[in-house]
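Scroll down for the structure; my scribbles are underneath it.
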Amino acid sequence: MSQLRNLLVVVVILVLGVAAFLILKTDYFEDQWDGIEMVSPNAVFLFETKNPVGFWNSLVEKPVWEKLSQLPGLEELESQLIFLDSVSGRQGKLHQYLKNQRFRLSLHPLGKEAYGFLVGIAFENREFIRFTKNLEKQFENQGGTLKKRTYSGISLSEVGLGDGENRFTYATFDNVLLGSYHSFLVEDAIRYAQSEGVVNFKATYPHLFDPQNPLPEGSMLRVSGDGLAGFIQDLTTGSTDTFSSDLRGNDFSANLVPQISGEEISLSGELYSNGRLYQVELEKEGGNTRLFSSLISNRAVSVSRYLLSEAADFELISNDNFSPLPTVQAELENNEYIREFRQAITGKVALVSEGLLDELSQQVLIVQADNPGRAINNLKSFALSQVQNDSSKLFLDYYLGKELFLLDMEEFPAHVFGGNFTGFLKCYLTVVDDKLVFSNSLRALRNLLEDLYQDNTWGKSIRYHEMLKARESTAPYQFYLNNDRFYPILTRSSHPSWNVLFQKYSGVFGSFDWLDISIFEDGRMEANLGIDLEEKGGDKRLILSESRRTDFESPLIFGPIGLQNYNDRSTDFLVQDQDFFIHLLTYEGETIFSQRVPGEIISDVFQIDYYKNGKLQLVFATRDLIYGLDRYGNLLPGFPIHFEEGRDIDFLNVLDYDNNKDYRFFVSDQEGNLFLYSGKGALLPEWEPKTTNQGELTAPPAHHRVPGMGDFMVAMHTNGRLGLYNRRGESKTGGPILLGENLSTSYGIEEGISEGQVKLVTINDAGEVVKVNFKGELTYRNQLLRPDRDTQFELVNDQNGANFVWVIKEYNKIRVLNSQERLLFEMDILSDRLDYRFFSFGPDNAIFVVLDRMQEFAYLYNQQGELINQKPINVSGDLWIRFSGSRNEYTLVTVYMNQMNEYIVPL
């Protein structure tokens, strides 16, 4: 916090008349300095103006001042301005004295994670001498302290302001006033002035001081990409993020003119790379800022959009920070598949990142193609050639009806697009809406497909639509940063000394809205940072009321299960009553069928395309039967499948290895034995059954396809044993893996970007988090806090199995942790029978549900632990939640007694 406070006080004192604390020589200036010669080249930025008081007055008159004034030190600003104005004789004399003097403020590193500000004012007349003497006299009369010392023959003065520990050091070197809260910076400036041959900021960045671009009447901000990169790295925990590396590697710098208007801070000027104006012939799109918006997930932290005529034009804006791998470059140069791929795509590309400030974050690259089918087929053929045309070695999977495959080549996009789009250690690919989609992680690609299915995209969101419309631009390159997503990352990734400040003043930093940057073909650059002036607070809890209710004759014991209506993609709902009647209803509550089955449904309800014609049927299990029904309640051929006599079904899962509708039904009994049936109901001989002798399972047996390792059949048992098998039922690890003495919860999948990072994660009853990779190696153990022996631990997956949270229940308290074991929130609740549900729709858009089975209440919490519903809603069964990005609201469907109720929850 001290860094920011120092900045603000320096601005206060110096912008408003730092010369008040100076003693200048009374003789004429013998030498005239510009002052820029004394600025070190390590400056992060250099702010220049000839009207500091005018700039300040303009700032405090703007609406954004309401937010900025909440930062530490700024509340003292007006009182100090009044003091300086009073000793100068009021009537605007302070402004008159400072106007047309060359004022500069620069930010410099002092050491690891420490930065300080240096002020320099180059004077052009002697009238200022009388004013500074009067200011110093008045300052001493009001109790200020003044000390003097000498450095390199130059007199330095130190003043103490109030009771503060920091002392402000200032000196004059001929006609230049120098000042800082860090005496080292003043001394360093003197050293630059006295030493010949020392390269200063101007000599390092001469293009920023071109005589043809004089200082404008307002002010100028000169930015060093190298200094900014160092600042970002010191601000964070020290990891080398791609953004900082690119800033430094391409030697970016800029001259920007700041403007403040309404609720926005703007910067406009010229961008340079390696000392040259950043010019490139780009294709204009007439301000179509919504290109790609239908494929950009609301999870996005940042988006970079390029509009080039063709992919080869990326060589004109090549990334100097990228070093091609010779073997990869040679392989791509003359490859027929890659040549045809390049011919099938355009230069219109969007890079979407779900994280910044990390060395490797999840990214999605969207490429528009003239012929997407040809492009993807050539990439698939090329991927096959990388595995010697052995299709069994090519990772191929299906998700939500889309084929995904792996191109296992390091930094493939960067090699194809002139060094741009780094961070892809490997590429997972698919085609969506005639566009190629690359991702550096399988999880990120699946997340995108889920968000497209749920309309959780920029193109379907009113908020994002309005943002894009407000930022309409003719720029061929645009960058968007969503601070709602970025600020939590910044807080989490920042160095501890900065983290405290970001959290303490979250009301200000969190009010920063969108940052958009546009770069035009002539090198011009515009940046705009919006600020939300509304106060965020108050009781946001809702009193939920039913928007629709459907009554049944008997109490409901199962459901609601949301199912896709294959006719129009709307949602149907399935429930079962205590008389074992199954009811399938449309979204509007109309009954499609009611059919009795001889038993309670004990599994999830799956949808399959039994006839391979696009029409979906239902599959579920009772204790001794596997049922298959069409949409009208009729049995499918060969159903029900009778389970082995004398055994009870415990779990059912439906598998489709290659998305070819050749289904398998994976079943476990209550002793933990495994059975695998064909889609026609035949028990496969390798699984007749697979006897494990390990006891019942904690979660349904499952199939996972792991890149580079193939297919795994997974069974996790309550005795702490984990079995990993191939599709023939043979152990892939030589025997079960011990995860702990006892397990009572499910497992999650942790997908990484690098090779071998896919892990199975769970927690045993002793509270020990365990991670195991698919080689059977235990890679992580960590004991969570266990206040007493009765503490319960649970892993709760979200609705897609893509994310999870940890729940720790003590006697009357619940603590919820994210997947990285960081506390999200805790709550007090007294009940011995609790169930939990977790619905995740992207970062900062999740609902955690506590179901109190004793009182039949449901409590809904957001990810900050804030209760969404003022009053608990009645739930005797389960609940279903879906998020609509287009309407920015949740739909909640519950079961209570003999009713199915719907609620609309605005976000």
### Query
Do you see a donor-acceptor pair shorter than 3.5 Å between the side chains of N250 and N321?
no
### Query
What closest approach, in Å, do Y398 and N659 show between heavy atoms, and which atom pair accounts for it?
CG-CB, 2.6 Å
### Message
So which atom in H415 and which in L325 form the shortest heavy-atom distance, rounded to 0.1 Å?
### Response
NE2-N, 3.0 Å
### Task
Start with the C-alpha gap between L425 and N440, add the side-chain angles, then the distance that decides, and say whether side chain to side chain contact (heavy atoms under 4.5 Å, CB included) holds.
CA-CA 7 Å; L425 298 183; N440 63 352; over 6 Å; no
### Query
So among F841, W880, F839, which one has a ring pair (Phe, Tyr, Trp, His ring centres under 6.0 Å) with Y890?
F841
### Query
So, N482 side chain and S302 main chain: donor-acceptor pair closer than 3.5 Å or not?
no
### Query
If you round to the nearest 0.5 Å, how far is NE2 of H703 from CG of L655?
7.0 Å
### Message
Using ring centroids (six-membered ring only for Trp), state whether F417 and F314 fall under 6.0 Å.
### Response
yes
### Message
Between N565 and R631, is there a side-chain heavy-atom distance shorter than 4.5 Å?
### Response
yes
#### Entry: Pair Q363-S353, side-chain donor/acceptor within less than 3.5 Å
no
### Query
Checking E411 side chain against F424 main chain: does a donor-acceptor pair fall under 3.5 Å?
yes
### Message
Within the structure provided, determine whether V437 and V364 are in side-chain contact (heavy-atom separation under 4.5 Å).
### Response
yes
### Query
How many angstroms lie between CZ in R664 and CG in L684, if you round to the nearest 0.5 Å?
5.5 Å
### Query
Going by heavy atoms in the side chains, are K380 and L396 under 4.5 Å from each other?
yes
### OG1 on T346 to CG on D313, rounded to 0.5 Å
10.5 Å
### Task
Please check if the side chain of N319 supplies one atom and the backbone of G419 the other of a donor-acceptor pair under 3.5 Å.
yes
### Query
Got a second to check how far Y480's OH is from S518's OG, nearest 0.5 Å?
6.5 Å
### Query
Do you know which two heavy atoms are closest between Y453 and R882, and how far apart they sit?
O-NH2, 3.2 Å
### Query
For the atom pair OG (S361) and CD (E354), what is the distance rounded to the nearest 0.5 Å?
8.5 Å
### Query
Can you find a pair of side-chain heavy atoms, one from V605 and one from V619, that are under 4.5 Å apart?
no
### Task
Check whether any side-chain heavy atom of L481 sits under 4.5 Å from a side-chain heavy atom of V301, and report yes or no.
yes
### Minimum heavy-atom distance between V761 and L795, given as atom pair plus value
O-CD1, 3.6 Å
### Message
Donor-acceptor check, side chain of Y610 to backbone of P637, threshold 3.5 angstrom: yes or no?
### Response
yes
### Message
Please determine whether side chain to side chain contact (heavy atoms under 4.5 Å, CB included) holds for the pair S293 and T457, giving the CA-CA distance in whole Å, both sets of side-chain angles, and the decisive distance to 0.1 Å.
### Response
CA-CA 7 Å; S293 64; T457 64; over 6 Å; no
#### Entry: Residue K661 excluded, over 12 heavy atoms near NZ under 6.0 Å
yes
#### Entry: Polar side-chain atom of T430 near backbone of E403 as donor-acceptor pair, under 3.5 Å
yes
### N298 and its side-chain hydrogen bond (donor to acceptor under 3.5 Å, both in side chains) partner, picked from D451, D455, N456
N456
### Message
I'd like to know whether OH of Y337 has more than 12 heavy-atom contacts from other residues, nucleotides or ligands below 6.0 angstrom.
### Response
no
### Query
Is it true that a side-chain atom of Q368 and a backbone atom of K348 form a donor plus acceptor pair closer than 3.5 Å?
no
### Task
Could you go through the side chain to side chain contact (heavy atoms under 4.5 Å, CB included) check for S819 and N803 one step at a time?
CA-CA 7 Å; S819 57; N803 195 7; 4.0 Å; yes
### Query
Given side chains that start at C-beta, do those of Y477 and L308 come closer than 4.5 Å, heavy atoms only?
no
#### Entry: Face-on cation placement of K732 at F712 ring, 6.0 Å and 45° thresholds
yes
### Contact summary for L429 and I376, nearest pair of heavy atoms
CB-CD1, 4.2 Å
#### Entry: Heavy-atom side-chain contact between F665 and V654 under 4.5 Å
yes
### Task
Identify whether NZ of Lys or CZ of Arg in R727 sits under 6.0 Å from the centre of the six-membered ring of Y657 and within 45° of that ring's axis.
yes
### Query
Is there a donor-acceptor pair under 3.5 Å between the side chain of N377 and the backbone N or O of S381?
no
#### Entry: Criterion side chain to side chain contact (heavy atoms under 4.5 Å, CB included) on D658 and R705, from CA distance to verdict
CA-CA 10 Å; D658 301 310; R705 181 163 289 172; 3.0 Å; yes
### Message
For F666, is there any backbone N or O sitting under 3.5 Å from a side-chain donor or acceptor partner on N653?
### Response
no
### Task
Find out whether the Lys NZ or Arg CZ of R339 is both under 6.0 angstrom from the six-membered ring centre of F382 and within 45° of the ring's axis.
no
### Query
So, do F421 and S304 sit near enough that their side-chain heavy atoms are less than 4.5 Å apart?
no
### Query
Backbone N or O of I519 within a donor-acceptor pair of the E526 side chain at under 3.5 Å?
no
#### Entry: Sidechain-backbone polar pair: D433 side chain, K435 backbone, donor-acceptor under 3.5 Å
no
### Task
Nearest 0.5 Å please: distance from the CD atom of Q607 over to the CG atom of L618.
6.0 Å
### Query
Which pair of non-hydrogen atoms, one from Y747 and one from N797, has the smallest distance, and what is that distance?
O-ND2, 2.9 Å
